[in-house]
2 protein chains.
Amino acid sequence: MNNDRNPDKNQPRSPTLEDVARAAGLSPMTVSRALNNPKVVRPGTISRVMEAVNSTGYIPNMLAGGLATKRTKLIAVVVPQINNNMFVDTVQAIGDELALRGYHMLLCIVGYTTESETEIVSTLLTRRPDGMVLTGIHHSSDLKRVILNANIPVVEIWDMTPTPLDMLVGFSHEKIGHAIGHYFLEQDFTRFGLICASDRRAQVRKNGVIDVLRSRPGSFIRDITVTAPANMEVGRSGLSQLIEEDKAFDAIICTSDTLAQGAIMEAEARGLRVPQDLKVIGFADLNFAAHNRPAITTICVDKVKIGQQAANMLADKIEGHEVAESVIDIGFSLIVRESA
Amino acid sequence: MNNDRNPDKNQPRSPTLEDVARAAGLSPMTVSRALNNPKVVRPGTISRVMEAVNSTGYIPNMLAGGLATKRTKLIAVVVPQINNNMFVDTVQAIGDELALRGYHMLLCIVGYTTESETEIVSTLLTRRPDGMVLTGIHHSSDLKRVILNANIPVVEIWDMTPTPLDMLVGFSHEKIGHAIGHYFLEQDFTRFGLICASDRRAQVRKNGVIDVLRSRPGSFIRDITVTAPANMEVGRSGLSQLIEEDKAFDAIICTSDTLAQGAIMEAEARGLRVPQDLKVIGFADLNFAAHNRPAITTICVDKVKIGQQAANMLADKIEGHEVAESVIDIGFSLIVRESA
DNA sequence: TTGTAGGCGTTATCAC
DNA sequence: GTGATAACGCCTACAA
């Protein structure tokens, strides 16, 4: 028989639990325990294992581990975008918090063109994540079925509903709209322009604003929806368009700080002083809002907290802890600065 | 024997290939082929399989698949940060491009405090990714050993060296420093202030600048390193500090647009006009740079292209295609706007 | 405290 | 074109 050294050692297979076990003179199972549940194995044995791990350069295979345990320590995160400043803080917070808890983040950036959220999520489920974060609350019934079938905890974020798929941490875009509307009505303004991004959440905020403004008879309201990406240029041209149609506005309400920044720039280019001649308000309190001149009055939502809570709710539920509140409204605040 | 229906159907196990096979009246192997290599199976069989897939709600298990094939369609991406605007475009581009190629992105945000890159990468390797993206080129020998052992394609990004671990797409921070230095020397300035972030790449850019500025006798150079995060406030106080120590500067060189934006703000607060009284240059051409007033003169690097190239080089190599150039210098350009 | 047997869900490989 | 069998690397369950 061929009982020489192992055959064809030329394609270096990465070491397995069995290799470590052999090196340590133990069974694979003992090695596994030493690594994952050290308290049930004798200290001396653990050191032997550790030595063998180092000498072999063993790196566990979580595919195999996950297959066996049905737990992957993987969280799938679905967001529409990260480079528009809107979700990036939340994503980073999720990643940071998950890392602390020993999870990895499978990040999927889907764009606003929901080609098929169901398909995307199904592909993600293929990895058997322990949990999932979904941006938004509007899902097809197909998607709901797939998610429910997967039978994993899910947190929906950046939105609010009393009836989430599972858990939720977000805030009410409608209430934000109302708050903005009231803020301006209290100042007795009557002529309003709205520059609204095309995404669904922005539209909800806009509708909230309009609902309130309409409640005051004599309000003049013009709103335009601008196409993605909602960058500064788009904000500028948005204001241009509004002003060219109807000269005089008291306040311009933008569905993002970026649009607001653009609108302010355009206003000043046209010789309108902000806030003296025109108020401008944004949304999200993006990193530049406080530093812009004029500093942008805006709605602040705790983007980091959303991510932290989402990550921890997920990890808690996965690990079998009670999740006290499964729907968390983190609220918002209107930050009055210079622009309005 | 117990040949009733399957026992304890109360904990709904998610359907497997075998369930689909049963539903279709085929063997698991045929179902697998119908799904992964349809051309070798009869069309009629494929439809039977598809029907069974739909009726069972089958979602493949890539843990099992990956275990068997040793291919995971997973790419691990390691970046220091995404919420400072520096790397977010690259990350999004990587994710987008990978999605196009059928890969998922395992994103790991490690912070600048490299607690132990080796440990982080090892944990990532636990998932048996098909490839990896690493930010930067300075790695411990431990890390190199681990990576090489893993025997997967790696792309280092956002830096330049003729001797990468494997592949690389980035640019030379030193050359950028030189370009900035020459730009100012050509204008016969002599008094320079540098506001430098604490990260390694920023330091390299700074040193590049200083090397060139020093080459002109009589140059006065002051540089300060500011602590992370390099936000606008830090830029403001950086300029304050410089000015309070040494009044007159011709130009302020910042290692990011964010710092530059802060410096400009502070300058104007002190009654210094930019660029008339003081030039300010930034780095990265972040989204606001072109829109700031004054628009920020800066160095533009194609952050999206870095991501796209990295993703495609990886996918190409994984799929066995030739990767023509394994080291790509995407270069940079100095964009002269208003601030300098 | 440690070891053995069997299975997790898929695919490679070889047979039909 | 389709099926049977044996891995893949780990862990649960039980035995010693």
Side-chain angles (χ1 to χ4, degrees), chain A residues 6-8 11-49 52-53 56-74 125-130 150-151, chain B residues 6-8 11-49 52-53 56-74 125-128 130 150:
Chain A
N6 325 16
D8 58 310
Q11 35 189 356
R13 190 181 45 82
S14 73
T16 71
L17 217 42
E18 199 177 328
D19 297 319
V20 178
R22 201 177 357 256
L26 292 162
S27 79
M29 199 52 238
T30 302
V31 176
S32 172
R33 275 192 282 255
L35 262 21
N36 302 317
N37 194 11
K39 33 182 197 272
V40 306
V41 15
R42 187 191 305 152
T45 307
I46 294 185
S47 3
R48 275 163 68 198
V49 168
V53 165
T56 54
Y58 174 67
I59 292 190
N61 183 331
M62 289 192 83
L63 299 177
L67 225 208
T69 55
K70 294 173 176 317
R71 311 264 292 25
T72 53
K73 288 280 185 175
L74 229 203
L125 287 175
T126 254
R127 310 279 176 184
R128 297 298 186 267
D130 288 340
N151 200 31
Chain B
N6 326 14
D8 58 309
Q11 36 189 353
R13 189 181 45 80
S14 72
T16 70
L17 218 42
E18 198 177 329
D19 297 319
V20 179
R22 202 178 355 257
L26 292 162
S27 77
M29 199 53 236
T30 301
V31 175
S32 172
R33 274 193 281 255
L35 262 22
N36 302 316
N37 193 12
K39 34 181 196 275
V40 306
V41 15
R42 187 190 305 150
T45 308
I46 295 184
S47 5
R48 275 163 71 197
V49 169
V53 164
T56 53
Y58 173 66
I59 292 191
N61 183 330
M62 287 192 86
L63 299 177
L67 225 207
T69 56
K70 295 173 174 319
R71 312 263 295 21
T72 52
K73 287 278 185 177
L74 229 204
L125 287 174
T126 254
R127 310 279 176 185
R128 297 297 187 267
D130 288 340

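Residue numbers start from 1 in every chain, and the chains themselves are labelled A, B, ... in the order their sequence lines are given, proteins ahead of strands.
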Considering only side-chain heavy atoms of [X], which listed nucleotide, [options], is closest?
X: B:Ser27; options: D:dG3, D:dG9, C:dT10; answer: D:dG3
X: A:Met29; options: C:dT11, D:dG3, D:dA13; answer: D:dA13
X: B:Thr30; options: C:dA12, D:dT2, D:dC8; answer: D:dT2
X: B:Lys70; options: D:dC8, D:dC14, C:dC8; answer: D:dC8
X: A:Ala68; options: C:dT10, D:dC8, C:dC8; answer: C:dC8
X: A:Arg13; options: D:dG9, D:dG3, C:dT2; answer: D:dG9

Practice task
Test for a donor-acceptor pair under 3.5 Å between the base of C:dG9 and the side chain of A:Arg128, counting only N and O atoms.
Solution key: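 No.
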Practice task
Determine whether B:Leu17 and B:Leu35 make a side-chain contact, defined as any pair of heavy atoms from C-beta on separated by less than 4.5 Å.
Solution key: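 They are in side-chain contact.
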Handout entry: Earlier contact from the 5' end, DNA chain D, for B:Thr45 and A:Arg33
Key =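 Taking each residue's closest nucleotide, the earlier one in sequence belongs to B:Thr45.
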Look at the side chain of [X] and the backbone N and O of [Y], then say whether any donor-acceptor pair between them is shorter than 3.5 Å.
X: A:Thr72; Y: A:Arg128; answer: yes
X: B:Arg48; Y: B:Gly25; answer: yes
X: A:Thr56; Y: A:Ala52; answer: yes

Problem - Contact residues, residues 36-44 of chain B to DNA chain C [heavy atom, < 4.0 Å] - result: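 Contacts with DNA chain C under 4.0 Å: B:Asn36.
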Handout entry: Touch class at under 4.0 angstrom, heavy-atom based, for B:Pro28 against every strand present
Key =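 Nothing, no nucleic acid heavy atom in range.
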